[in-house]
Every structure is written in structure tokens, then in C-alpha cells.
Amino acid sequence: MYKSAYDKRQYKFIELPNGLKVLLVQDIHTNKSACSITVKAGHFNDDCDCHGISHLLEHMLFLGNHAFPVANAFSEFLASHNGSINASTGTEFTSYFYDVNSNTNAEDIGLKHLSAMILKPKFDEKFIEKELKVIDAEFLLKQKDDLRRLYQVHKETCNPAHPFSKFSVGNLESFSAFSNSELKEKIQRLHQTYYQPHNTALCLISKHEIGTSELLIQKHFGQWDATTPISVTKHPSLYLPENLGIQINIKPIQRAQRMILTFPLPAQDKHFRSKPLSVLSHILGDEGDGGLLSFYKQKNWATTLSAGGGIEGSNFKDFNINLQLTNEGIKNQDNIISALFAFIQLIKEEGVSNWRIQEISLLNQLMWDFTDQAKPIDEVQELSVAMFEYPEEYVLCGDYILDKPSPALTIQMLEYFIPENLRLKVITPDVTTSLIAKWYNTPYDVKKLKLEIEIYKSQYYSNFKLPDVNKFIQPPSKHNDVNHNYHLPQEIVSEAGLHIWYGQDDKFKQPKGHCYLTFDCPIVNQGIEIVAAKRLWISLLNERLNQKYYQANMAGIHFHLYPHQGGFSIQTSGFSNPQLEFCSTLLTEIIVDDNFESRFQQVKNKQLNGLSNTLLNKPINRMFSRLAVLMQQQNYPPEQLALNINKLELSDVKMTKEKLLSRFHLESLIYGDWTHSDTVKVVKDIKDFRNKYQTTDKITRGVADIRTLATQVHQVDCEHPDAAVVLYFQAPDSTIKTNVLTILTEQLLATPFFHELRTTQQLGYLVGTGFVPYNNHPGISFYIQSPHKTVSQLIEAINTFLVAMLEGIKEYENIWKMIKNGVIKQLMQKDTNLNMKSQHLWMAIGNGNLTFNHNEKMVEAIVKLEFTDLKHYLVDMVSRQNFGEFLLYSGDLSDHPTFIKAANISNIQRFKSETIYL
């Protein structure tokens with residue numbers, strides 16, 4: 001099995017006598033063990049008369065088996081050992097994946113649960129009816145999701161004989177033709193047919209030796225017997241002739257103006273070592289001068305372009321070119337398509353040089369060698385699926401390897417990029433439609449394409465050129481020796497208005513690093529007008545820099561400019577070799593006297609569309625966003641930001657830029673694979689920049705103090721019909737002790753809250769709790785979104801649960817030590833990659849934790865806590881003693897009894913102006 005020369009982990013691929021494929025990974029540095037088991041069966045295998053049955057099967061496996069008959073026993077075991085589990089039913093695969101504390105006993109019991117779950121499910125009929133409601137709630141949750149709605153149109157405009165056309169999720173209607181016993185029979189038949197060892201792959205990541213892991217797998221899965229051979233189903237073509245050469249007009253819910261040009265291609269599995277579509281994506285998606293997107297922007301037709309996505313499976317692959325259009329673009333659809341074909345003709349005529357493919361191959365190699373390691377739970381899922389997609393020796397590198405370059409194959413793929421093979425989707429509120437897609441009620445229309453593109457060669461050909469050599473691509477530098485004086489950041493510059501920290505990575509030893517610069521500008525305290533103009537300036541600046549430095553981004557040297565409550569920040573990341581110089585360059589770029597005239601309205605409209613679409617998010621998302629607005633002093637609701645941005649002129653933006661830069665506090669962190677001497681020039685550049693402007697202190701990020709106020713009640717208007725509630729408690733103070741008590745309380749309540757209100761009472765699909773700190777002040781939230789309960793019923797359910805928990809709190813004393821240990825393990829977890837470590841160090845500096853030992857102090861506080869401390873905390877929270885309370889809801893609350901000592905917030909601006917901030 002091929003692995004990166006920089007990968008120090010150990011691997012072993014085995015196949016058990018029963019046919020189960022197993023990939024074992026030893027990672028001595030991992031914080032958690034993780035396991036994923038993937039079955040080669042998904043919704044394509046649904047019964048033709050019962051769509052969604054594979055999804056129901058996935059849900060039912062969690063609800064008891066012959067070894068562990070209690071529903072959700074596996075989830076509860078994992079929660080008590082700092083772990084979690086999830087599952088995913090795809091088109092042709094279904095995966096179950098979890099993580100757990102990395103010790104042999106927890107791994108052993110975890111695998112025992114997984115084995116029993118997969119091999120010996122009970123499929124208890126009493127849970128089928130309940131789980132149908134959960135699936136229906138999941139379906140209803142997505143009713144306003146444009147991606148899901150577009151997906152259904154896609155299904156209805158392909159070959160109805162192909163299983164892609166099936167309704168994959170299922171709902172009460174799709175299951176209503178069958179009794180619970182009939183559904184059980186269908187689930188059992190699916191399970192017996194496909195859930196067999198020779199149709200399954202398992203991946204386990206553990207810190208323990210490979211031999212130990214292998215024995216555990218043999219112990220729990222070695223006796224799994226295959227029942228019958230599985231016949232290979234040959235699917236028909238995804239598209240019929242009448243599904244090609246068409247335009248599909250779709251009316252979205254969100255404010256969108258998109259064009260998706262789809263070219264169906266043959267399956268690409270056998271080309272994974274040549275990756276012709278990756279080469280085409282690289283060329284078509286280039287954002288530099290002379291490329292498609294640059295041309296579309298010049299014409300004011302489109303603002304973004306992505307190339308290469310699209311659905312794929314065992315006998316199909318779509319190649320998508322996705323465009324965000326302007327108003328002018330909507331009027332020039334034929335011209336946009338003609339320009340695309342002109343660019344394709346240029347590629348055909350110039351050919352694909354070997355150096356282009358070698359450049360992509362080198363980029364892929366760099367990304368593989370020096371990728372940020374994913375969380376184990378994410379990695380095991382990817383690898384368990386990859387075991388079906390690639391030969392054994394290529395499982396690890398299959399997504400990256402490009403060792404068989406083939407310019408001819410790449411050009412051959414362009415033969416499919418013709419008008420007759422085009423599926424054109426136009427997604428805008430103004431399209432004319434005559435059809436309604438089933439399940440999601442999406443208005444759409446289908447018509448034959450009538451493109452006049454005979455002149456595309458001469459009309460646009462001269463506007464384009466293929467991308468130049470990427471000069472930012474450099475071989476990785478040799479890793480520097482570590483000076484352990486800097487394994488934690490040290491302040492190397494401390495002056496009025498300027499603090500620079502430097503640290504050297506001593507763990508991951510990659511040729512990478514991160515530079516952060518944050519500007520605190522007192523002008524932001526003047527109100528929303530400045531905040532709106534700042535936001536628009538940052539967007540304009542990003543627009544220009546993204547095009548100018550597109551190749552840097554492709555070469556793994558990234559930058560991020562973003563606004564925040566106190567001002568704005570610049571972050572660079574990626575390969576260390578040219579990055580410090582790049583960081584200095586960006587400092588000069590922000591003060592360039594830009595002429596944003598040509599893109600001003602385009603970027604402004606993009607901002608307005610984005611803000612408008614946030615109003616269509618799910619109710620729970622909308623309410624948490626609104627809670628952040630209410631709790632944070634310099635945070636404003638999207639509708640108010642949109643009103644202010646709409647009024648802005650270019651002169652306002654330029655004036656705001658000058659005000660922001662006239663006086664500021666600058667703080668920086670340089671962390672990664674750099675020696676102290678490497679930083680001399682960039683530190684000088686930062687100091688020189690800082691000295692040109694007036695200084696100020698850091699900006700205080702204010703948090704609303706609601707602890708002595710009446711319960712604050714606020715209605716959030718949402719387009720979604722579900723009733724929803726978020727109940728938030730602000731803790732009495734922000735001491736370390738109160739922080740850890742809030743975390744422990746949330747951990748204690750999370751599992752019973754989910755089990756009681758979702759699994760038992762079936763209140764809705766989105767049910768949960770959360771630790772919600774605002775600017776270091778802790779809080780705890782409870783939320784429910786329900787398609788069939790009222791707001792009043794949801795509030796009552798949360799309060800009833802809290803009272804019941806308090807009354808029965810003694811029952812949880814026996815797991816108190818386990819919860820404490822679980823939180824301690826979370827706090828002491830080591831960062832899994834350089835990106836995570838850099839972010840944590842930067843957050844520590846921002847929060848004033850300049851000794852970088854905050855988590856250690858929290859652990860010390862947890863060790864000292866007694867169960868009585870948690871009980872007193874819970875008593876005070878439930879009785880609202882010294883706790884602030886926010887109740888946000890979406891829906892009708894007219895049937896709720898009058899709140900005692902409640903204050904209704906109808907005017908956000910007035911609330912923020914009258915509130916005292918911590």
C-alpha cells in the first residue's frame with residue numbers, strides 16, 4: 001500500500017476469511033480511536049415500491065439489537081466515553097462511523113456495540129412508527145432547502161429507469177402504503193441481502209499496535225458469516241437522449257441567479273491515475289487574467305465560477321460548470337455559453353501540455369504529503385469508502401495520485417463538451433415554469449436548447465489564454481531545527497498599539513505556517529453605518545486580491561481577509577517558504593488607492609444577496625444568529641446591514657477605509673516552520689506599517705448583561721413553517737469555575753435531553769443542547785425545531801425536562817466522575833494538525849491567555865469540583881437565580897400563558913442601545 005514519505009503512521013490491509021475488507025491504522029499521536037464500517041448498498045438498492053427504505057434501515061440499526069436491546073445504547077456508551085456516532089445513507093454506500101476515547105477497553109466495547117448493531121439488529125416494530133416520524137421531520141426540515149429542491153428536479157429530468165431517480169429520503173407518505181410489519185420485512189430483506197461481510201469494508205484508527213487492533217476485529221467480526229452471493233446490478237444510462245441538449249429553468253426560494261452547465265461523461269474510476277477531469281477543472285476554473293471567470297467579470301455577466309463538481313457513481317459522472325450570474329448575465333445567457341465553447345475550442349487547439357499536468361501532479365503530491373490531518377472520525381469514513389473505489393495499494397493515495405499523465409485522454413474528454421450533450425440549468429426567481437417537482441414542490445420547466453453557437457470561435461476566441469506557469473509553486477523547504485524557547489509563542493515586539501508574537505512548531509514538523517494580523521479600530525464603535533461600509537470594503541478588497549493572487553492560493557499559500565467585531569483581520573497560511581513575503585505584500589495591498597468602480601455594484605449586489613439569503617435559513621440557525629446579534633455589542637442583524645449597505649456609495653467605502661486605517665491597534669502571531677531570523681523582515685515591515693498611523697488600545701468586545709433582567713423574549717420571523725425555540729441561559733459570571741460548571745452541566749443534560757425530547761416524545765428532528773460562550777462569558781442553550789408541535793408546547797417541554805432533571809439529579813451522581821473525566825479528556829486533547837494548533841494559540845492571545853495554559857487551569861478546577869457544586873449550579877439555573885435568560889422563538893406564541901417577569905424585545909436597536917455590556 002502506497003503511503004506518503006511524510007506519513008509516520010502504520011497501516012495494514014487484511015481480508016478476513018468471510019470476505020470483510022479491513023484497513024488498520026496505528027497513529028500513536030491520536031486523541032481518539034475511530035471506526036467506520038461501509039456497506040456497498042444505498043438508496044439505489046431501495047425497493048421500487050418503497051423509496052427511502054434504506055434510509056429507514058440505517059435509522060433502525062440504532063434502536064436495539066440482540067446483544068444491546070435498549071435503543072441508542074451505543075450512542076449513550078460513546079457519549080459517556082467522550083465519543084459520538086453518526087451514519088450516512090448515500091446512493092451506493094451506507095456508512096456508520098464513531099469515535100471514542102483511545103483506550104483498549106473502550107475500543108473493545110465500541111467494536112462489540114458496532115458488531116451487534118450491524119450483525120444482529122432487532123428491528124423492533126414499536127420503534128418503526130416512531131422512526132418514521134423522525135424521518136418525516138428530517139424530510140420536512142429540508143422543504144425550504146434549495147439544494148434538496150434542485151436535487152429533486154435533477155432526479156425528475158433523468159432516466160426514470162435509473163435508480164438515481166428514486167426518492168432517497170422517504171417520508172410518511174412514501175411509507176404509508178405499508179404496515180409496520182411489512183416495513184420490517186422489507187428492512188430485514190435488505191439487511192440480509194446486502195449487510196454481509198464480503199459486501200462490507202471497515203477502517204479502524206487507533207493508537208494501539210496493529211496486532212492488537214487486528215485481534216479485536218477478529219474477535220468481533222470474524223464469526224460474521226456470509227449468507228448468499230450478491231448479484232451485481234447493471235444500471236441503465238443515467239440520461240436518455242431526450243434528457244440531453246435541454247435547458248431546465250428552476251425557480252429557487254433563495255435570492256439566486258445561477259447557471260449550471262452540466263456535461264454527462266462516462267464513469268471515471270479507471271482514470272484515477274490520469275485524472276483528466278482534474279486537469280480540465282484546473283484550466284476551466286482558473287480565475288487569473290485571460291480565464292473564463294475574468295472575462296465574465298469584465299463583461300459583468302458572472303461573479304463566481306467553479307468547474308468540476310457533479311454527481312458520480314458506478315456508471316456515470318457529471319462535470320459541472322457553476323456560475324453565479326449578475327443581472328446582465330441573465331440577459332446574456334447565450335453569450336456566456338458561446339464564450340465557454342470558445343474557451344473549450346482554445347484548449348482543443350492548443351492542447352494540454354505535459355508541463356500543465358506535471359504542475360497539477362506536483363500540487364497533488366504537495367497536498368497529499370502535507371495535508372492537515374483530519375479528525376479520525378472523518379478519516380475512517382473516507383477510507384472505508386475508498387476501499388471500494390480504489391485497488392488495495394492505492395486506497396491512501398487514490399484521490400491524489402497522478403502518475404499516468406495523458407494529454408490525449410484529457411482532450412478526449414472534451415469531445416463530450418458539446419451542445420448536444422449539455423444540460424443547462426438556469427436558476428432564478430424570474431424564470432417561467434410549468435411543472436412542479438414532487439416532494440419539494442419546486443417550480444421548473446424543461447425545453448430543448450436552441451443555441452446559435454456557430455460563431456463562437458471567432459466572436460470570443462481572442463479574449464482568452466490558457467493559464468501561465470504557476471510561479472508560486474515551490475518544492476518544500478527543509479524543516480528547520482526547533483528552538484524550544486519558542487515552542488510556545490513569545491512576545492517579540494511590545495510597543496504602543498503593536499504586539500507581535502512568534503512561535504515555532506515543534507510537533508507537526510511540516511513546511512507550513514500561519515500569520516495572523518488583527519486590526520482593532522475604534523471607529524467601529526460609531527455604529528452600523530461604519531460596520532456595513534467596512535464589510536463592503538473587505539469584500540471589494542477580497543474580490544481584487546482573489547483574482548490577483550489566485551495562483552498563490554492554488555499553490556497552497558492562502559490568505560483570508562475578514563471583518564470582526566473590533567475591526568478586521570488578515571490571515572495567511574500554507575507553505576512557509578514564500579509566505580512571510582506574501583504577508584508583507586498583503587499589508588501594502590490594503591492601503592493601495594483602489595479604483596473599485598468597475599466591480600462596485602457587482603460586489604455590492606453579491607453582499608446584498610448573501611444577507612438576504614440568510615433570512616431564509618432554518619429557524620434554529622436563524623435564532624442562534626439572532627441570539628449572537630442580541631448578545632454581542634458590535635453585531636448587527638442581516639436585514640439592518642443590508643439596508644445600510646444598499647445606501648452606500650463608493651465614496652462612503654473609501655472614507656470608511658481611511659477612518660479604519662487612521663487609528664488602530666495591531667496584534668500579530670507568526671507561528672510555524674520559521675526560525676526567529678526568518679521573521680526579521682516581516683516584523684520590520686509590520687512595524688514600519690504600524691508607525692505610519694495613530695495608535696489606540698484594543699477594542700472591548702461587549703457582551704449584553706441580562707443576568708438581572710427579566711426573561712428576554714424575542715420572536716424571529718422565518719419563512720419555514722416549523723415551530724422552533726431556543727432557550728439560552730447566561731451564566732452568573734465568567735470565572736474558570738463557572739465556565740467548567742457550565743460545560744459539565746451541558747454534558748450531563750445533552751444525552752437525556754435528546755433521548756427524552758427527540759427519541760421518546762418525538763418533538764422534532766432538530767433537538768439538542770449546547771455550550772454557548774459569548775466573548776468568554778459562558779452560557780448554555782436548549783433548542784427544538786418541530787413540524788407538528790406549537791411553540792408553547794416546546795417551551796413547556798424544555799422547562800418540564802429541566803425540572804424533572806433537577807428532581808432526579810441524584811440518579812446521575814454515579815456518572816459524575818465519568819462526565820468529569822470525559823470533559824478533562826476533551827480539554828487535554830492535543831491538536832491534530834498545525835491549523836488547529838495555530839488557531840488555538842491565536843485565540844488564546846486574543847482572549848488574554850498569554851501563558852497558554854487556560855485548559856490546564858480548567859482541568860484543575862474540574863478536579864476540585866464536587867457533585868454538589870453541579871447540583872447547586874443546576875438549582876440556580878432552573879430557578880433563574882443570578883442567571884440571565886433569553887427565549888427566542890419562531891411561530892405563534894399566542895396560546896402560551898403570560899410570562900411572569902418577561903420582557904418582549906420588539907426593537908433590536910432599542911434593546912442594544914439600552915443594554916449594559918460586560
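Reckoned from all heavy atoms, side chains included, excluding hydrogens, waters and symmetry mates. Everything quoted here is computed from the prediction, not taken from an experiment. Numbers here simply count residues along the sequence, with the first being 1.
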Tell me the closest heavy-atom pair linking Tyr550 and Gly288, and the distance in Å.
CD2-N, 4.2 Å
When the ring centroid of Phe582 is compared with that of Tyr549, is the distance short of 6.0 Å?
yes
Grab the two heavy atoms, one from Cys515 and one from Trp674, that are nearest each other, plus how far apart they are.
SG-CH2, 3.9 Å
Given side chains that start at C-beta, do those of His558 and Ser573 come closer than 4.5 Å, heavy atoms only?
yes
Considering residues, nucleotides and ligands other than Tyr2, do more than 12 of their heavy atoms fall under 6.0 Å from its OH?
no
Under the 3.5 angstrom rule, does the side chain of Lys8 hit a backbone N or O of Ile28 as a donor-acceptor pair?
no
So, do Leu284 and Leu340 sit near enough that their side-chain heavy atoms are less than 4.5 Å apart?
yes
Report yes or no: does Asp378 contribute a side-chain atom to a donor-acceptor pair with the main-chain N or O of Ala374 at less than 3.5 Å?
no
For Glu491 and His499, test the side chains for any donor-to-acceptor distance below 3.5 angstrom and give the result as yes or no.
yes
Between the side chains of Asp372 and Asn835, does any donor sit under 3.5 Å from an acceptor?
no
Find out whether Ile347 and Ile411 are in side-chain contact, i.e. whether some heavy atom of one side chain is under 4.5 Å from a heavy atom of the other.
yes
For the residue pair Asn470 / Glu359, report whether a side-chain donor-acceptor contact shorter than 3.5 Å exists.
no
Over 12 non-hydrogen atoms of neighbours within 6.0 angstrom of NZ in Lys3:
yes
Is the backbone N or O of Gly567 less than 3.5 Å from a side-chain atom of Lys534, with the two atoms forming a donor-acceptor pair by type?
yes
So, Ser4 and Asp369: side-chain donor and acceptor under 3.5 Å apart, yes or no?
yes
Using modelled atom types and a 3.5 Å cut-off, is there a donor and acceptor pairing between side-chain atoms of Lys32 and backbone atoms of Asn82?
yes
Evaluate the side-chain proximity of Tyr390 to Asp399: yes if any heavy-atom separation is below 4.5 Å, no if none is.
yes
What's the separation between atom CG in Asp685 and atom CG in Leu580, rounded to the nearest 0.5 Å?
10.0 Å
Could you report the tightest heavy-atom contact between Leu323 and Ala302, atom names first, then the distance?
CD2-CB, 4.2 Å
Flag, side chain of Gln579 to backbone of Gly513, donor-acceptor distance under 3.5 Å
yes
Please indicate whether Met1 has more than 12 foreign heavy atoms, meaning atoms of other residues, nucleotides or ligands, lying under 6.0 Å from its CE.
yes
Pair Phe568 + Tyr562: ring centers closer than 6.0 Å
no
Glu350 with Lys465: basic N within carboxylate O range, under 4.0 Å:
no
Is there a donor in the side chain of Tyr774 and an acceptor in the side chain of Arg701, or the other way round, less than 3.5 Å apart?
no
Can you check whether Gln510 reaches Asp673 side chain to side chain, under 4.5 Å on heavy atoms?
no
Shortest non-hydrogen contact from Leu660 to Cys521?
O-SG, 3.4 Å
Mind running side chain to side chain contact (heavy atoms under 4.5 Å, CB included) on Leu204 and Val380 for me, showing each step along the way?
CA-CA 7 Å; Leu204 174 67; Val380 286; over 6 Å; no
May I ask you to decide whether Lys698 forms a salt bridge with Asp520, counting only side-chain N to carboxylate O separations under 4.0 Å?
no
Rounded to the nearest 0.5 Å, how far apart are CZ of Phe97 and CG of Leu383?
13.0 Å
So do Thr588 and Val592 actually touch side chain to side chain, heavy atoms under 4.5 Å?
no
Please work out which of the three classes, parallel, tilted or perpendicular, describes the rings of Phe519 and Phe689, given edges at 30° and 60°.
perpendicular
For a quick check under 3.5 Å, do Thr518 and His564 share a side-chain donor-acceptor pair by atom type?
yes
Test item: side-chain donor near acceptor, His840 and Asp831, under 3.5 Å:
yes
Gap separating the CE atom of Met259 from the CG atom of Leu261, nearest 0.5 angstrom
6.0 Å
Look up atom NZ in Lys606 and atom CG in Leu540, then write down how far apart they are to the nearest 0.5 Å.
10.5 Å
Can you establish whether the number of heavy atoms outside Glu581 located under 6.0 Å from its atom CD is more than 12?
no
Could you go through Ser206 and Thr30, starting from their C-alpha distance and side-chain angles, then the distance that decides it, and tell me whether this counts as side chain to side chain contact (heavy atoms under 4.5 Å, CB included)?
CA-CA 7 Å; Ser206 169; Thr30 189; 6.0 Å; no
Looking at Asn621, is its backbone amide N or carbonyl O close enough to the side chain of Ser625 to form a donor-acceptor pair, meaning the two atoms are under 3.5 Å apart?
no
Polar side chain donor-acceptor pair, Gln373 to Asp27, under 3.5 angstrom:
yes
Quick one: do the Thr303 and Gln602 side chains pair a donor with an acceptor below 3.5 Å?
no
For Phe664, does the six-membered ring have the charged nitrogen or CZ of Arg690 within the cation-pi criterion, i.e. under 6.0 angstrom from the centroid and within 45° of the normal?
yes
Which heavy atom of Gly308 sits nearest to which heavy atom of Lys317, and what is that distance?
O-NZ, 3.6 Å
Is the distance between the ring centroids of Tyr502 and Tyr486 under 6.0 Å?
yes
Is atom NZ of Lys375 surrounded by more than 12 heavy atoms (other residues, nucleotides or ligands) closer than 6.0 Å?
no
Check the side chains of Lys837 and Tyr671 for a donor-acceptor pair under 3.5 angstrom, ignoring hydrogens and angles.
yes
One should read off an interatomic distance between Asn483 CG and Ser677 OG, to the nearest 0.5 angstrom, of 10.5 Å
Any donor-acceptor N/O pair, Lys275 side chain to Phe272 backbone, under 3.5 Å:
yes
Test log, rule side chain to side chain contact (heavy atoms under 4.5 Å, CB included), inputs Arg663 and Tyr693
CA-CA 6 Å; Arg663 187 170 172 232; Tyr693 305 96; over 6 Å; no
Hey, is the main chain of Ser84 close enough, under 3.5 Å, to the side chain of Asp99 for a donor-acceptor pair?
yes
No-hydrogen, no-angle side-chain donor-acceptor test under 3.5 Å, Asp678 and Thr675
yes
When you measure from the side chain of Arg544 to the backbone N and O of Glu589, does any donor-acceptor pair fall under 3.5 Å?
yes
For Asp289 and Gln547, does a side-chain donor sit closer than 3.5 Å to a side-chain acceptor?
yes
Short side-chain donor-acceptor distance under 3.5 Å, Gln632 and Asn635
yes
Does a sphere of radius 6.0 Å around NZ in Lys684 hold more than 12 heavy atoms from other residues, nucleotides or ligands, not counting ones at 6.0 Å or beyond?
no
Using a 3.5 Å distance criterion without hydrogens, assess whether the side chain of His487 forms a donor-acceptor pair with backbone atoms of His484.
yes
In terms of ring plane angle, is the pair Tyr516 and His514 parallel, tilted or perpendicular, where the classes change at 30° and 60°?
parallel
Do the non-hydrogen side-chain atoms of Trp537 and Phe596 ever get within less than 4.5 Å of each other?
yes
Rounded to the nearest 0.5 Å, what separation is found between the CG atom of Leu305 and the CD atom of Gln324?
10.0 Å
Are side-chain heavy atoms of Ile473 and Leu363 found at a separation under 4.5 Å?
yes
What heavy-atom pair brings Ile557 and Pro578 nearest, and what distance separates the two atoms?
CD1-CG, 3.1 Å
